Amino acid sequence: MASGYVYHELYGWHDTGTHARLAPADSRRGIQPYRHIENDDAKRRVHELVVATGLIDRLTRLTPRQATDEEILLVHTPGHLQRLVDANDTGGDGGDGGTPFGRGSVDIARLAAGGVIRAVEAVLDGEVDNAYALVRPPGHHAVPDSGMGFCLFGNIAIAVQAARRSRGVERVAVVDIDVHHGNGTQAVFYEDPAVLALSLHQDRMFPSDSGFLTERGAGAGFGYTLNLPLPPGTGNGGYLEAVRRVVLPALHRFRPDLVVVAAGFDASALDPLGRMMVTPKGYREIAKMVVGAAEELCDGRVVCAHEGGYDPAYVPFCANAVIEVLAGVEDPLDVPFGFDDLGQQELQPHQDAAIAAAEELLGDIG
Ligand SMILES: Cc1nn(C)c(C)c1/N=N/c1ccc(/C=C/C(=O)NO)cc1
Ligand SMILES: [Zn+2]
């Protein structure tokens, strides 16, 4: 089992500045400076854990490159790319007023998209069996004409489009387990039956106006977008049931040639932005189920692209659990604080109802 791993120190140099977590600091409004919630800490510490535990020695290091203009323009409008390029020297905002970036961040965002491209191409070329791209800034909220929600480029969408062009891959399933709706990925492939866009997310968390069950794709793509909004407080029981009853059947019906996971960890029990209760053990089980389906359907071809996840102490254990599954580690790291026995961790009736509603939609795949 060869597992690829993409990381670059420059991902930690993307500067999101002083914010009171989300809003720009402003003394006149009583908004004290703090760190923007999407900062280098959690992601850099994932890498440090992977190195410090020696897991890095079981991975095949893949060096990222910058995505080219041509690759970025497979997804984004020339106007969006130009606006970012023009602001690269000074820093600016990705387009929604809540996606700040610093000097040179656009080069780093190209490296993030390029890191996912590198991982996808390495898996499709058989250089590795699967891969984890620990990239930053994230990508799943970026839409063709704008950055959004801390995302500058749609890393996964760009990598999927680039691979379809360069490697002729036909059917790609994107499984978004970030706690926020993968609206960007959905938008790019909304009318495309060759890309199945699945998103499990906290109901109306962010963006607050998307991710509904009724968003199912359009035209030829109808049925190939599947959203599963889950109630706040959903834990391992609800997530594992959602994967078992919705994600796996969808993958088996769709029969992808490649599975890409938008691996956000802000559904974890300690995340400051999400309100879910998934633990490292939960993420390990989710990864085992998705990898297992990929082994049955497409020779195990899975690429995970890191998205959100903000607790700097907890995200490393969550992401490490997924990387261990990819690498086939038999003796996983024993996590000191798992929160596996939080109250109502098991599936709750209202979560079951949300899952059942999504199950109803599986018939339009395939
Ligand atoms: C509030 C607010 N006010 N305004 C003006 C803006 C632009 C606000 N953004 N809120 C956000 C932005 C991004 C996220 C999640 C990102 C993530 O982790 N994705 O995976 C959550 C809330
Ligand atoms: Zn998120």
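Whatever order the structure lists ligands and atoms in, that order sets their numbers, starting from 1. Because the structure is predicted, anything quoted here is derived from the model rather than measured. Heavy-atom basis, side chains included; hydrogens, waters and symmetry copies ignored.
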*Asks:* Please state whether the rings of H80 and H76 are parallel, tilted or perpendicular, taking 30° and 60° as the class boundaries.
*Replies:* tilted
*Asks:* Any side-chain heavy-atom pair from F339 and M277 closer than 4.5 angstrom?
*Replies:*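 No - every pair of side-chain heavy atoms lies 4.5 Å or more apart.
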*Asks:* State plainly whether the residues R103 and D15 are in salt-bridge range, i.e. N to O under 4.0 Å.
*Replies:* no
*Asks:* Evaluate D192 against R164 for salt bridge (charged side-chain N to carboxylate O under 4.0 Å, His left out), listing each step before the verdict.
*Replies:* CA-CA 13 Å; D192 190 336; R164 291 169 80 183; 2.8 Å; yes
*Asks:* So which residues, sorted by chain and number, lie with a heavy atom under 4.0 Å of ligand 1?
*Replies:* L22, D96, G98, H140, H141, G149, F150, D178, H180, F206, D266, L273, Y310
*Asks:* Counting backbone and side chain alike, does H180 bring an N/O/S atom below 2.8 Å of the Zn ion (ligand 2)?
*Replies:*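 It does: H180 brings an N, O or S atom closer than 2.8 Å to the Zn ion (ligand 2).
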*Asks:* Any idea how H36 and F150 line up, ring-wise: parallel (<30°), tilted (30 to 60°), or perpendicular (>60°)?
*Replies:*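 Taking F150 first and then H36, their aromatic rings stand perpendicular (interplane angle over 60°).
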*Asks:* Would you call F189 and Y224 a side-chain contact if the rule is heavy atoms closer than 4.5 Å?
*Replies:* no
*Asks:* May I ask you to check if any N/O/S atom from D178 comes under 2.8 Å of the Zn ion (ligand 2)?
*Replies:*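 Of the N, O and S atoms in D178, at least one lies under 2.8 Å from the Zn ion (ligand 2), which means yes.
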*Asks:* For the Zn ion (ligand 2), give me the closest N/O/S atom belonging to D266, just the atom name.
*Replies:* OD2
*Asks:* Scan for side chain to side chain donor-acceptor pair (under 3.5 Å) pairs involving residues 128-142, sequence neighbours excluded, and state none if there are none.
*Replies:* S3-N130, E38-R136, Y132-H306, H140-D176, H141-N183
